[in-house]
Amino acid sequence: MLTITQITEETDKVIAGLEKKFVANAKEKVNEVISANNARRAAQTKRDEILTQVNAMSKQIGLSMKSGDTDAANAAKSSVKELKKEASKLEQEMVEAQEKVRNLLLTIPNVPHESVPLGKTAEDNIVERTGGPEVQLPNNAVPHWDLAKKYDLIDFELGVKITGAGFPVYKGKGARLQRALINFFMDQAAEAGYLEVEPPFVVNEDSGYGTGQLPDKEGQMYHCNLDNLYLIPTAEVPVTNMYREVILDESQLPIKNCAYSACFRREAGSYGKDVRGLNRLHQFNKVEIVRIDTPEHSYESLHEMIAYVESLVQKLGLPYRILRLCSGDCSFTSAITFDFEVYSAAQKRWLEVSSVSNFEAYQANRLKCRYKGKKGTTQLCHTLNGSALALPRIVAALLENNQTEDGIRVPEVLVPYMGTDIIK
RNA sequence: GGAGAGAUGGCAGAGUGAUCGAAUGCACCGGUCUUGAAAACCGGCGUACGGCAACGUACCGGGGGUUUGAAUCCCUCUCUCUCCGCCA
C-alpha cells in the first residue's frame with residue numbers, strides 16, 4: 001500500500017497517478033484518507049496529553065503511599081480514574097481512525113511510474129522491442145497439445161483423472177524437459193548473481209497479506225482449511241516474505257534471490273482457447289527472481305532484470321517481444337511492469353511467459369521491509385520481481401516452433417540437460 | 001496424537017507490581033591512546049506515531065482483564081522447544 005506520508009506530502013501527484021490508472025473517484029478517496037489521518041492525529045495528540053498527566057499522577061500516588069499520605073493518594077486515584085476514561089475514549093477514536101486509514105489505503109492501488117504509457121487495456125500496451133528468429137512452419141504443423149500426445153510427453157487426461165483439469169502429467173522426455181528447463185534457469189540465475197533459495201510452497205496468512213494476495217485475492221489461491229495455509233501462486237510470495245519486518249543494511253542491497261517453485265493457481269473463471277493444453281494451468285513450474293533494493297537504484301535493477309530475462313528467451317531461440325504495460329493493464333501493486341511474450345507459431349499467438357515489475361515501496365510498506373541508510377535513517381526498500389521463467393508456455397512454444405519431420409529439435413543450451421538434441 | 005517447558009532489545013540473558021524502554025555481557029558505531037592494529041578507557045547504540053523543537057505517547061509473542069500503577073498478576077489465542085508415539 002501507499003504510505004500515508006506519500007499521500008499527504010505529494011497529494012496532487014498521487015491523485016494524478018491514480019487517475020492515470022483509471023481509479024474511480026481518486027480525488028475523493030485520497031481526501032478521505034487524509035481527513036481520516038487528521039482525525040487520528042488529533043485524537044492521538046489529545047490522548048497523549050492526558051496520558052502524560054496520568055503517568056505523572058500515578059508516579060505521585062506511589063510516592064504518597066510510601067510516605068504514608070493516603071489521603072492525597074486516594075484523592076489522586078479518583079481523578080486518575082476519570083482521566084483514564086477520557087483517554088480510553090480517545091484511544092478508541094484513534095484506533096478507529098487508524099483502521100479506517102488502513103482499510104482505505106488497502107483499496108488504493110500503486111501509482112504508475114511516469115514512464116508508464118496511458119492506456120486502459122492490453123490493446124494499449126507498447127511493444128518495446130521484438131527479437132528472436134522468425135519461425136517458418138510447414139503447413140501440416142500442429143499445436144503443442146497434439147505434439148505432446150504424439151511423442152507421449154504430457155498426458156492431460158491422466159491429470160484430470162488424478163486431480164482435475166489443469167494438472168497435467170509430464171512423462172518421459174516431457175518430464176525430463178521440465179527438469180532441464182528448471183535447471184537451466186537456475187544455473188543461469190546463479191551465474192547472474194542471484195542467490196538460490198528453496199522456500200516453502202505453502203505459506204501462512206501473514207505472508208499472504210505481506211505480498212498482497214490477501215485480503216482481496218484469496219479466491220485465486222488454494223487454501224488448506226485445516227491448517228489455514230495457502231498453496232503459493234508464485235515463489236514471489238515466500239521469497240519476498242523472507243524480508244517481512246526486516247531492517248536491512250544499505251550495504252546488503254540490492255539483494256538478489258532466485259527460486260524454483262511449483263505454482264498453484266485456482267484460475268477461477270477461465271475458459272476457451274486460453275486454457276487449452278499448457279496455456280493456463282492450475283499447477284506449473286516457475287523460476288522467479290526477486291530483488292530488494294534502494295529507491296535510488298531500483299530502476300537500474302529493473303532494467304538489469306529485463307535484460308536478464310531477455311537473455312533467457314534469446315538463448316532458447318524463441319521469437320519474443322517485450323511489452324511495456326499501459327497504466328490500466330499494470331497490476332494493482334505494480335508501479336511499472338514489462339511483459340515478455342513468446343510467439344507460438346502453431347497457435348499463431350503470443351504467449352505471456354514473464355512479467356517483470358518494480359513495486360517501488362508499495363509492497364515494502366505492507367511487508368515493513370526497510371533499510372538503514374548511510375546517514376542512519378531508516379526507510380522503505382523497493383521490491384522487484386520477475387519470472388525467469390514460467391515453464392508451460394515456454395514448453396508450448398518450444399514444442400511448436402521446433403517441430404520437424406524427424407521430431408522436436410532441442411535448443412542447444414538444453415541439450416546437456418536433456419541428454420539429446422531431438423525428441424522423437 | 002500424548003506429556004512438559006518456554007516466548008524480554010541484533011544475539012545471549014536479568015528482571016515477579018511503581019525508582020523499567022528495561023540490568024549485565026557480546027556484537028555494532030564514534031572518540032581517546034597507538035606509526036598502524038589489538039587491548040584498555042570514554043561515549044553512543046530498538047521501532048512506530050505525535051510535535052518546528054524541547055519533548056511526549058505506545059510497544060517485553062498477539063488479544064483481553066485486574067489495578068491509581070503491569071514485562072511482572074489473571075484469562076485467552078498463537079508460535080517455538082524438549083521427551084514419548086508415528087513416519088519420508
Side-chain angles (χ1 to χ4, degrees), chain A residues 1-9 33-105 198 200-210 214-215 223-230 238 241-253 255 262 292 361 364-381:
Chain A
M1 55 191 180
L2 296 175
T3 64
I4 192 71
T5 318
Q6 194 177 355
I7 289 177
T8 52
E9 285 178 5
V33 175
I34 292 174
S35 70
N37 187 51
N38 286 339
R40 191 215 91 228
R41 270 167 45 193
Q44 180 175 346
T45 305
K46 269 194 247 167
R47 179 202 69 150
D48 285 0
E49 278 168 13
I50 292 171
L51 286 181
T52 307
Q53 289 181 56
V54 168
N55 288 340
M57 288 174 85
S58 295
K59 219 167 256 182
Q60 192 52 48
I61 290 168
L63 292 175
S64 300
M65 302 270 269
K66 241 176 217 167
S67 65
D69 191 353
T70 46
D71 288 349
N74 288 330
K77 273 189 196 180
S78 55
S79 49
V80 165
K81 250 187 177 165
E82 285 305 309
L83 286 170
K84 285 276 279 192
K85 257 187 220 163
E86 213 175 316
S88 74
K89 216 160 95 190
L90 286 163
E91 168 111 27
Q92 207 180 327
E93 252 175 63
M94 182 185 104
V95 169
E96 272 167 21
Q98 201 157 24
E99 253 162 44
K100 190 173 172 193
V101 169
R102 189 182 157 78
N103 289 335
L104 286 167
L105 285 178
E198 184 173 314
F201 293 178
V202 177
V203 296
N204 60 27
E205 219 172 20
D206 286 346
S207 294
Y209 277 97
L214 297 174
H223 181 232
C224 313
N225 250 324
L226 212 53
D227 300 296
N228 195 24
L229 296 172
Y230 294 85
N241 270 284
M242 299 197 303
Y243 306 98
R244 167 156 50 87
E245 280 156 54
V246 165
I247 300 177
L248 298 155
D249 193 273
E250 186 170 351
S251 63
Q252 297 172 265
L253 303 176
I255 285 174
I292 315 285
N365 188 32
R366 260 215 234 187
L367 284 168
K368 293 208 194 88
C369 173
R370 292 156 292 177
Y371 76 98
K372 198 164 275 203
K374 285 172 192 124
K375 286 166 255 160
T377 53
T378 302
Q379 58 176 320
L380 292 170
C381 296

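Keep in mind it's a predicted model, so treat the numbers as computed, not measured.
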Can I get a per-line list of side-chain donor-acceptor pairs under 3.5 Å for residues 245-253 of chain A, giving both atom names and the distance, sequence neighbours left out?
residue  : atom : partner  : partner atom : Å
A:Asp249 : OD1  : A:Ser251 : N            : 3.1
A:Asp249 : OD1  : A:Ser251 : OG           : 2.8
A:Glu250 : OE1  : A:Lys374 : N            : 3.1
A:Gln252 : OE1  : A:Asp249 : N            : 2.7

Is there a side-chain contact between A:Leu105 and A:Val33 (heavy atoms, below 4.5 Å)?
yes
CG of A:Asn37 versus P of B:A48: gap in Å, rounded?
16 Å
On a whole-Å scale, what distance lies between the P atoms belonging to B:A70 and B:A14?
24 Å
Pick base, sugar-phosphate or nothing for A:Lys46, based on heavy-atom distances below 4.0 Å to the nucleic acid.
nothing
With a 4.5 Å heavy-atom cut-off, do A:Ile4 and A:Ile34 have their side chains touching?
no
Once rounded to the nearest 0.5 Å, what's the spacing between atom CG of A:Leu214 and atom CG of A:Asp206?
9.5 Å
Protein-nucleic acid N or O pairs under 3.5 Å, nucleotides 60-69 of chain B:
residue : atom : partner : partner atom : Å
B:U68   : OP2  : A:Lys81 : NZ           : 3.4
B:U68   : O2'  : A:Ser58 : OG           : 3.3
B:G69   : OP1  : A:Lys84 : NZ           : 3.2

What residue pairs, at least two apart or across chains, pass salt bridge (Lys or Arg N to Asp or Glu O under 4.0 Å) with a residue in residues 37-48 of chain A?
A:Arg47-A:Glu91
What is the separation between atom CG on A:Leu380 and atom P on B:U47, rounded to the nearest whole Å?
14 Å
Work out how far the C1' atom of B:G44 is from that of B:U8, and round it to whole angstrom.
22 Å
Contact between A:Val95 and A:Glu99 at the side-chain level, heavy atoms closer than 4.5 Å - yes or no?
yes
Side-chain heavy-atom pair A:Ile292, A:Cys369 within 4.5 angstrom cut-off:
yes
When rounded to the nearest 0.5 angstrom, what distance separates CE in A:Met94 from OG in A:Ser88?
12.0 Å
Nearest-Å distance, CG (A:Leu248) to C1' (B:U47)?
15 Å
Under 4.0 Å, heavy atoms only, any strand: does A:Ile247 hit a base, just the sugar-phosphate, or nothing?
sugar-phosphate
Nearest heavy-atom neighbours spanning A:Ala87 and A:Ile50:
CB-CG2, 3.9 Å
Which whole number of Å gives the distance between the P atom of B:G6 and that of B:A58?
29 Å
Suppose you measure atom P in B:G69 against the same atom in B:A18; what distance do you get, rounded to whole Å?
14 Å
Modelled atom types, side-chain donor and acceptor of A:Ser207 and A:Asn204, under 3.5 Å:
yes
Taking the C1' atom in each of B:C20 and B:U72, what is the distance between them to the nearest angstrom?
10 Å
Can you pull every protein N or O that's under 3.5 Å from an N or O on nucleotides 57-59 of chain B?
residue : atom : partner : partner atom : Å
B:U57   : OP1  : A:Asn55 : ND2          : 3.2
B:U57   : O2'  : A:Arg47 : NH2          : 2.8
B:U57   : O2'  : A:Asp48 : OD1          : 3.1

NZ/NE/NH1/NH2 to OD/OE distance under 4.0 Å, A:Glu82 and A:Lys85:
yes
Find the distance between CG (A:Asn228) and NE2 (A:His223) and round it off to the nearest 0.5 Å.
4.0 Å
Heavy-atom nearest nucleotide on RNA chain B for A:Ile4 versus A:Thr378: which residue maps closer to 5'?
A:Thr378
B:A27 and B:C33, which share atom name P, separated by this distance in whole Å
23 Å
Determine the stems involving RNA chain B; a stem requires 3 or more consecutive pairs of the Watson-Crick or G-U wobble kind, each with both distances below 3.5 Å, and the answer is none if no such run exists.
B:1-7 with B:78-84, B:10-12 with B:24-26, B:28-32 with B:40-44, B:46-50 with B:55-59, B:61-65 with B:73-77
Determine the Euclidean distance between corresponding C1' atoms of B:A3 and B:G85; express it in Å to zero decimal places.
11 Å
C1' gap between B:A23 and B:C60, integer Å
14 Å
Can you name the nearest heavy-atom pair linking A:Val203 to A:Pro238, along with the distance?
CG1-CB, 4.1 Å
Please give, in whole Å, the distance from B:G50 C1' to A:Ile50 CD1?
14 Å
Any residue in residues 87-103 of chain A with a heavy atom nearer than 4.0 angstrom to RNA chain B? Just list them by number, or reply none.
none
Find the distance A:Leu367:CG to B:U47:C1' and express it as a whole number of Å.
17 Å
To the nearest 0.5 Å, atom CE of A:Met1 lies from atom CD of A:Gln6 at 11.5 Å
Return the value, rounded to whole Å, for the distance between atom CZ of A:Arg370 and atom P of B:G46.
14 Å
If only side-chain N and O atoms of A:Thr45 are considered, is one of them under 4.0 Å from the OP1 or OP2 phosphate oxygen of B:G56?
no
Taking the side chain from A:Thr377 and the backbone from A:Gly373, do they hold a donor-acceptor pair closer than 3.5 Å?
no
